[in-house]
2 protein chains.
Amino acid sequence: MSDILTRLPIAQPDAPVQAAHDRVYRGLRQQVMHGELPPGHALTLRGIGKTFGVSMTPAREAVRRLSAEGALSISASGRVTTPELSNDRIEELAQIRALLEPELGSRALRRAHLALIDRMDAINEANARAVNLQDPIGYIRTNLEFHRTLYLRAQSPAILGLLETVWLQLGPTMRVLYTRLRRTTPPPHHRHMLEALRAGDDAALRLAIRTDVTQGLKHLQA
Amino acid sequence: MSDILTRLPIAQPDAPVQAAHDRVYRGLRQQVMHGELPPGHALTLRGIGKTFGVSMTPAREAVRRLSAEGALSISASGRVTTPELSNDRIEELAQIRALLEPELGSRALRRAHLALIDRMDAINEANARAVNLQDPIGYIRTNLEFHRTLYLRAQSPAILGLLETVWLQLGPTMRVLYTRLRRTTPPPHHRHMLEALRAGDDAALRLAIRTDVTQGLKHLQA
DNA sequence: CATGGCAAACTGTGATCACATTTTGCCTGC
DNA sequence: GCAGGCAAAATGTGATCACAGTTTGCCATG
């Protein structure tokens, strides 16, 4: 049961032929978003190419695309690393999440049905298991999947797309955050979100989401 | 051919050495954001390269970066065009502006001073002149500059960066909008924004910005 | 006049290469 | 022991090329 949940959330039903640069892009993107790479981790085009079995050209395109989304930083001399965020930038990104995510939740609420809430419940349990296992990557993955499952219902691809780039930028930082504080209990506000969803309470849902988003990142401010 | 001539490195005393792909990126980005290209306009890598005097490689990188920001669309077969937005997507992007821009305005308000307001006033007059001249590109440019001048004061680069990608996506569409409705009066809410700024009234500023952003794009909904 | 098809032109993709710059690591001299 | 410097290795950049897929334009056919 949990095997399904640990799989990639975005499963393309019909994946025709993936261009090489797209395979590289997706692979790197998942590594960054799920916090598999620490902040400041260095990458090389030749190394990426070797990992994915392609030449430098597709690796460069994937890197260029990811750096445009803020998932990777490129130094003045062109070297590629995962970003190291300042506290100010983390605060800004948290603020963006606090603005966009309640809106997405509200839009999803109008279209939500019981099966959706049940699915979120299951993901939340997988999230709790990741907490018990002290598995930061699993924690980040299930946490994002919990939110994304709800927001997909909002039918607002532009907003969700923008939000995912924010998640991307926070990926390496969240890894540090969740490895450092070794939490022992799952995020309490996921329960509040589920309750508000069942009750159809828009204001309560917005508040629960905003609190969940804001609180998690507060702990990082050193 | 004059191929050799276009490839000769020309010594530029003042200009810092700018990577070729970055020059191409900036050039295309400005064309898109200022509405110099209509929605659906086709571009080719070889054509872009020729325009900027570079080979396909930097052109491809610039295009890849811009498509990651939503400034360009890439078809299934890899063809590059400016995006043609659906009404739903326009509504979403307007909603994002309505969420982010009041926040940026509010942050800027705390740091605003008289010289800033004067500068915005001057830009607004240039905007009015563009209206009189029926110059859509000038109108879009000065309109964005008006907003950006304010938001730069917010000292929130992450939020502003995200917002600029939204502007980018709306560029070609705004061109259509403003050429179609041939407005004869400048946007009235710019005045309200300036008044709220002078009064230091946060709530009034947020409302003025939200209205300005929302109203402009309402006219496009067919 | 409309339609189908086919060849030519066009276009994006990925590999490879030469080159300039940066980074690394070692070794000398103090 | 510690800088400083220098050569070697590593790295990103941009040009070029072959290739496959797509689009275009023209002509024959009905």
Side-chain angles (χ1 to χ4, degrees), chain A residues 14-29 32 37 39-84, chain B residues 1-12 15-29 31-32 37 39-84:
Chain A
D14 57 338
V17 179
Q18 268 182 1
H21 67 87
D22 210 54
R23 264 193 318 116
V24 178
Y25 167 76
R26 283 183 217 272
L28 287 178
R29 182 182 202 266
V32 173
L37 305 173
H41 183 85
L43 296 168
T44 66
L45 297 184
R46 287 173 177 85
I48 294 168
K50 196 162 207 172
T51 301
F52 290 89
V54 297
S55 77
M56 294 173 59
T57 311
R60 236 197 306 182
E61 294 187 52
V63 163
R64 202 63 74 189
R65 189 171 165 191
L66 286 164
S67 78
E69 297 176 344
L72 293 175
S73 298
I74 299 188
S75 78
S77 67
R79 301 304 166 95
V80 183
T81 60
T82 51
E84 301 184 87
Chain B
M1 283 291 195
S2 62
D3 249 354
I4 296 178
L5 289 179
T6 60
R7 225 178 285 140
L8 280 178
I10 300 171
Q12 304 220 350
V17 181
Q18 207 168 234
H21 67 87
D22 210 54
R23 264 193 317 117
V24 178
Y25 167 76
R26 284 183 218 271
L28 287 178
R29 180 186 145 98
Q31 286 185 33
V32 172
L37 304 174
H41 183 85
L43 297 168
T44 65
L45 298 184
R46 285 173 178 85
I48 294 169
K50 198 161 207 173
T51 301
F52 290 89
V54 297
S55 77
M56 295 171 60
T57 311
R60 237 198 304 183
E61 294 186 52
V63 163
R64 200 63 75 189
R65 189 170 164 193
L66 285 164
S67 79
E69 297 176 343
L72 294 175
S73 298
I74 299 187
S75 77
S77 66
R79 301 303 165 97
V80 184
T81 60
T82 52
E84 302 184 88

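Hydrogens, waters and symmetry mates play no part in the numbers below; they use all other heavy atoms, side chains included. So that the names make sense, note that chain A is the first sequence line, chain B the second, and so on, each numbered from 1.
Under a 3.5 Å cut-off, the side chain of B:T82 and the backbone N or O of B:G40 do form a donor-acceptor pair.
A 4.5 Å side-chain heavy-atom check between B:V32 and B:L66 finds every atom pair outside the cut-off. Looking at B:H21 and B:T57, their side chains never come closer than 4.5 Å, going by heavy atoms from C-beta outward.
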Protein within reach of the bases, or only the backbone? For nucleotides 11-23 of chain C, mark each nucleotide 5' to 3' as B, S or -, using heavy atoms under 4.0 Å. BBBBBB-----BS
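Residues passing the salt bridge (Lys or Arg N to Asp or Glu O under 4.0 Å) test with B:R26 are B:D22, sequence neighbours excluded.
With values rounded to the nearest 0.5 angstrom, A:L72 atom CG is found 10.0 Å from A:H41 atom NE2.
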